[in-house]
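Let me begin by presenting the structure, written as structure tokens, before commenting on it.
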Amino acid sequence: MIVKKPLLVIFVILAFSNLSAQLCQGSLGDPIINITFGAGSNPGPALTTTRNLNFYSSDCPQDGLYTIRSNTSNCHRNTWHTLAADHTGDPNGYFMLINASLQKSEFYIDTLSGLCPNTTYEFAAWILNIIVPSACMGNPKTPNLTFSIEKIDGTVLQTYTTGDIASTQSPVWNQYGSFFTTPANISKVVLRLINNSSGGCGNDLAIDDITFRPCGPLLVPSIKDQPGNMKVLCQGNSADVELQCKVSLGYNNPSFQWQESKDGGNSWVSIPGQTKTSLIRKFTSATPIGQYLYRLNVGEAVNNSLALCRVVSANLTVQVNSNPVTSVFSNSPACRGNTLTLTATGGIQGAQYVWSGSNSFAATGSAVVIKDAQLVNAGRYYLKVTNPDGCKHTDSVDVSVLPSPLITLAFNDKSICKGDSVLLSSSGGTNYVWSPASGLSSASIPNPVAKPSDSTIYKVVVSNNSSCKDSATVTVHVLTKPVARAGPDKVIIEGQSVQLNGSVSGSNANITWYPDLFINDIHVLQPIVGPPTNTSYIFSVSSTNGCGSSSDTANVTVYKKVVIPNAFSPNADGINDNWNIKGLTSYGNYKLLVFNRYGQKVFESKNYSQPWAGVFNGKPLPAATYYYLLDLGVGLPPLSGYVVILK
């Protein structure tokens with residue numbers, strides 16, 4: 001791009017007037033001067049470029065001293081910030097640490113060579129106010145520096161003042177700088193740094209990375225039809241990539257040169273013949289995998305042979321990526337009805353997996369499952385893997401599905417009586433395995449005889465010559481002979497009723513009580529009976545499945561009813577002189593007790609041959625109410641009540 005000479009004047013005026021306190025607003029070249037103070041263990045070497053400052057070999061210099069450090073900590077009772085590294089974060093990189101002189105003075109002078117004539121440069125340095133805001137009773141002095149760029153004879157080309165550099169709560173590096181233009185035939189300048197503040201409490205700083213870089217027109221690189229400054233290609237593909245760069249006004253007679261780097265920008269090689277603002281770079285299927293960086297160098301034609309006099313654009317990147325490398329596996333051959341799995345390995349995170357195949361199969365994911373595989377699922381399956389960069393790889397795998405046996409059973413459930421046997425029958429395969437093996441005549445034949453002791457579920461696994469399997473189950477219910485238990489014998493008093501306690505063990509039985517006299521239901525386990533006389537009830541059970549029958553007897557003993565008078569009058573008038581209990585003579589093992597109201601026993605009898613005449617110890621008892629307890633001795637609850645003696 002050709003620019004007329006008056007435009008250069010306009011650019012230079014803008015650089016000196018409007019932008020004198022700013023960094024480059026266009027594009028920069030590689031640093032011609034880069035003062036980093038070196039790197040290594042503490043302390044770094046003393047400088048030969050200092051003025052009015054003395055070197056200090058330890059950390060935390062006092063007023064008028066400086067040191068070269070890669071770190072500083074706990075200085076001056078922690079009124080200085082702690083720095084663990086230089087401004088770039090390199091833990092071994094040095095920076096200059098200054099405790100300013102008490103008087104304003106210059107403190108750094110260096111003669112810099114190798115500059116290009118008629119070239120505009122950005123000069124800059126990274127500076128940090130090392131003192132904390134709370135120091136000096138909250139009012140520390142602030143650094144204020146002037147950069148002076150001079151010819152060897154002392155003629156000032158440019159000056160720039162930072163202004164007050166305020167203290168911060170945490171350490172903050174800031175870059176300060178401006179521009180100047182070298183006159184014709186000038187390749188050396190003097191850099192002079194001046195401290196505009198007095199020392200004392202404050203005005204302490206760290207400085208690092210003083211650079212001089214060519215500053216020129218604004219360069220805006222791009223890749224045609226590509227958003228951003230990167231284009232990704234896939235290995236094995238061919239493409240023509242067009243690189244472009246817009247160059248703003250600023251040079252009278254600019255020259256252009258495209259450069260390429262294959263080592264991440266560590267070194268650059270000029271591409272022969274590529275001296276325009278656009279470049280078409282051909283990538284073939286044989287282009288190796290890697291990162292290819294491109295930038296445009298722009299400089300005045302008069303400095304065309306001087307690489308350090310040029311500005312450079314930001315990098316454009318063409319990334320040639322490898323295609324995903326995957327392998328496809330399956331659990332083929334799979335038996336019909338089993339699960340068929342397809343698995344891809346070797347893909348990268350974020351890759352897309354698309355499967356297609358037999359029977360219109362479609363799926364996504366690095367691993368897919370086909371449940372209940374059938375013969376139609378056999379065939380070839382294809383996998384297309386696409387990584388996040390759009391690079392693809394296609395693979396395939398052949399899958400076979402083997403026929404499985406179809407097992408058939410003669411029956412699913414069978415009932416037998418305990419001690420009997422049954423023939424199990426299966427078919428459909430070449431090999432048979434029954435389980436459990438207990439109770440079987442053989443566990444490896446299709447038709448074993450089963451004689452289990454208890455109800456059992458038998459499983460048979462059938463396999464064919466392809467080792468494919470099928471299985472089924474059959475249940476053999478073992479029925480036991482019913483056993484009747486009529487329960488304990490019962491005792492009642494004439495006119496009472498009682499419940500019989502029948503029970504049955506065994507399977508599926510019909511029940512009947514005999515005789516059917518004085519019983520509420522002959523077909524229930526626990527009927528109610530009330531015979532007037534002694535009766536034996538037979539409890540009979542029979543299997544509904546033909547597994548036998550049994551019986552048992554419950555005897556019901558019926559005693560005479562006892563009538564107990566509640567009064568008598570032992571007054572020797574011949575009427576009701578004794579306490580006569582009707583029916584008591586039927587019980588041969590009774591026991592009768594009588595008590596007065598104080599609980600004193602006044603009468604006891606185990607034989608009622610002589611009724612009670614109302615006497616105690618041979619003397620008549622007074623008229624009163626007495627209480628009795630009568631145990632008939634037949635297993636029935638005792639009878640109790642009262643009897644009154646009348647006079």
Side-chain angles (χ1 to χ4, degrees), residues 407-427 434-443 445-460 471-559 634-637:
I407 191 170
T408 302
L409 294 177
F411 53 83
N412 292 327
D413 296 287
K414 191 75 171 180
S415 296
I416 63 173
C417 295
K418 190 175 184 67
D420 291 346
S421 61
V422 63
L423 180 66
L424 306 181
S425 179
S426 62
S427 61
W434 292 85
S435 62
S438 59
L440 296 179
S441 60
S442 174
I445 61 175
N447 302 308
V449 174
K451 190 178 181 180
S453 57
D454 295 296
S455 295
T456 304
I457 299 175
Y458 288 101
K459 179 180 180 181
V460 59
S471 64
T473 60
V474 59
T475 302
V476 178
H477 298 282
V478 177
L479 307 177
T480 58
K481 175 183 177 181
V483 176
R485 295 180 180 84
D489 294 339
K490 302 292 183 176
V491 175
I492 62 173
I493 296 175
E494 184 180 20
Q496 293 181 338
S497 60
V498 69
Q499 186 175 38
L500 302 181
N501 301 116
S503 62
V504 179
S505 61
S507 308
N508 303 330
N510 290 323
I511 62 176
T512 306
W513 290 90
Y514 300 100
D516 59 358
L517 301 175
F518 309 105
I519 186 170
N520 67 332
D521 191 339
I522 64 173
H523 298 300
V524 297
L525 285 173
Q526 298 178 344
I528 304 297
V529 298
T533 60
N534 295 344
T535 304
S536 295
Y537 287 95
I538 300 173
F539 182 46
S540 177
V541 296
S542 60
S543 171
T544 59
N545 304 102
C547 293
S549 62
S550 69
S551 62
D552 194 16
T553 301
N555 297 309
V556 179
T557 302
V558 181
Y559 288 91
V634 293
L636 294 174

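These values consider heavy atoms only, across backbone and side chains, with no hydrogens, waters or symmetry-generated copies.
- Here the side chains of Ile492 and Tyr559 are not in contact, with every heavy-atom distance at 4.5 Å or above.
- Nearest heavy atom pair, residue Leu423 against residue Asn447, reads CD1-O, 3.4 Å.
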Set out, in order, the CA-CA distance, both residues' side-chain angles and the distance that settles side chain to side chain contact (heavy atoms under 4.5 Å, CB included) for Phe539 and Val504, then state yes or no. CA-CA 10 Å; Phe539 182 46; Val504 179; 3.7 Å; yes
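- Once rounded to the nearest 0.5 Å, the distance linking OH of Tyr458 with OG of Ser438 reads 5.5 Å.
- Although no hydrogens or angles enter the test, the distance criterion places no donor-acceptor pair under 3.5 Å between the side chain of Ser540 and the main chain of Ser551.
- Expressed to the nearest 0.5 Å, how far CG of Asn534 lies from CG of Asn555 amounts to 8.5 Å.
- Shown here for Lys414 and Val422, the closest heavy-atom pair between the two residues is CG-CG2, 3.7 Å.
- A distance-only check finds no donor-acceptor pair linking the side chain of Ser543 to the backbone of Ala509 [under 3.5 Å].
- Ala554 and Ala486 get closest at one heavy-atom pair: N-CB, 3.7 Å.
- Contact of the Leu479 side chain with the Asp420 side chain is not registered, since no non-hydrogen atoms from C-beta on lie closer than 4.5 Å.
- Between the CG atom of Leu409 and the OG atom of Ser426 there is a distance of 6.0 Å, given to the nearest 0.5 Å.
- In plain terms, the two heavy atoms of Cys417 and Asn545 that are nearest each other are SG-O, 4.1 Å.
- The backbone N or O of Gly439 sits nowhere less than 3.5 Å from a side-chain atom of Ser453 that would complete a donor-acceptor pair.
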Quiz: residues 514-525 side-chain donor-acceptor pairs under 3.5 angstrom, not counting sequence neighbours:
| unit_1 | atom_1 | unit_2 | atom_2 | d |
| --- | --- | --- | --- | --- |
| Asn520 | OD1 | Ile528 | N | 2.8 |
| Asp521 | OD1 | His523 | N | 2.9 |
| His523 | ND1 | Ile511 | O | 3.0 |

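- A donor-acceptor contact shorter than 3.5 Å links the side chain of Thr456 to the backbone of Asp454.
- A donor-acceptor pair is defined here as one N or O able to donate and one able to accept, closer than 3.5 Å; such a pair exists between the side chain of Gln499 and the backbone of Gln526.
- Atom NZ of Lys451 sits in a sparse spot, with 12 or fewer heavy atoms from other residues, nucleotides or ligands closer than 6.0 Å.
- The structure places OG of Ser455 at 10.5 Å from CG of Asp413, a figure rounded to the nearest 0.5 Å.
- Counting heavy atoms from C-beta on, the side chains of Leu500 and Tyr537 come closer than 4.5 Å.
- Going from atom CH2 of Trp434 over to atom OG of Ser471 covers 11.0 Å, rounded to the nearest 0.5 Å.
- A donor-acceptor contact shorter than 3.5 Å is absent between the side chain of Ser435 and the backbone of Ala437.
- The shortest distance between side-chain heavy atoms of Thr557 and Asp489 does not fall below 4.5 Å.
- Counting heavy atoms from C-beta outward, Ile407 and Val460 have side chains that approach closer than 4.5 Å.
- Residue Ser505 comes nearest to Arg485 through the heavy atom pair OG-NH1, 2.9 Å, listed as atom of the first residue, atom of the second, then distance.
- Residues Val529 and Val498 have side chains in contact (heavy-atom distance under 4.5 Å, counting atoms from C-beta outward).
- Taking OG1 from Thr475 and NE2 from His477, the interatomic distance works out to 5.0 Å, rounded to the nearest 0.5 Å.
- Minimum heavy-atom separation, Leu440 to Ala450: CD2-CB, 3.6 Å.
- When atom types are taken as modelled, the side chain of Thr535 and the backbone of Thr533 share a donor-acceptor pair closer than 3.5 angstrom.
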